Amino acid sequence: PPGVTNQRTFDIVAGGDDGYTYLFRKGELIAHVAAIKGGVMSLVVAGTYVVVGGTRGIVKLLDGRSLSILSVAETTPVCS
């Protein structure tokens with residue numbers, strides 16, 4: 001209907017080879033965090049969480065709204 005706007009915004013989360021994870025909203029950088037030393041090699045968004053990992057077996061759980069680090073885990077790389 002005229003006059004009704006259902007404008008929705010979506011955030012963009014990106015991980016860089018510099019080790020930082022970036023959060024963009026409406027095209028503007030609103031948060032960044034030094035997440036993974038050696039570079040972010042994987043990134044998954046799950047609801048309001050962001051999970052990032054690198055090549056050294058470190059996995060971090062981030063708050064998807066602020067990029068605050070909530071948890072850190074170390075895994076053992078599997079080699080075939």
Side-chain angles (χ1 to χ4, degrees):
V4 175
T5 59
N6 290 327
Q7 292 183 338
R8 297 174 64 180
T9 62
F10 297 93
D11 296 345
I12 295 173
V13 181
D17 61 1
D18 59 358
Y20 278 81
T21 300
Y22 302 91
L23 175 61
F24 296 89
R25 184 169 295 139
K26 295 183 180 180
E28 292 186 34
L29 178 65
I30 62 165
H32 66 284
V33 64
I36 301 291
K37 192 174 192 176
V40 175
M41 301 305 286
S42 62
L43 183 149
V44 175
V45 176
T48 60
Y49 299 104
V50 177
V51 181
V52 293
T55 60
R56 297 180 180 167
I58 301 295
V59 177
K60 293 187 180 181
L61 176 66
L62 311 175
D63 182 309
R65 294 167 283 198
S66 66
L67 295 186
S68 298
I69 297 171
L70 302 175
S71 182
V72 179
E74 187 171 352
T75 64
T76 303
V78 177
C79 299
S80 51

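All values derive from a computational prediction rather than experimental measurement.
- Hydrophobic cluster of Ile58: the remaining members, joined at side-chain heavy-atom separations below 4.5 Å, are Val13, Leu23, Ile30, Val33, Ile36, Val40, Leu43, Val45, Val50, Val52, Leu62, Leu67, Ile69, Val72, listed by chain and number.
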If you apply the rule side chain to side chain contact (heavy atoms under 4.5 Å, CB included), what do you find for Leu70 with Tyr49, and how did you get there? CA-CA 9 Å; Leu70 302 175; Tyr49 299 104; 3.7 Å; yes
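- The line from CG of Asp11 to OG1 of Thr48 is 11.5 Å long, rounded to the nearest 0.5 Å.
- Nearest approach of Ala31 to Ser66, heavy atoms of both residues: CB-O, 3.7 Å.
- Between the CZ atom of Phe10 and the NZ atom of Lys26 there is a distance of 12.5 Å, given to the nearest 0.5 Å.
- Counting non-hydrogen atoms of other residues, nucleotides and ligands closer than 6.0 Å to OH of Tyr22 gives a total above 12.
- A donor-acceptor pair is defined here as one N or O able to donate and one able to accept, closer than 3.5 Å; such a pair exists between the side chain of Thr75 and the backbone of Gly57.
- Counting non-hydrogen atoms of other residues, nucleotides and ligands closer than 6.0 Å to CG of Asp17 gives a total of 12 or fewer.
- Nearest approach of Arg65 to Arg25, heavy atoms of both residues: O-NH2, 4.2 Å.
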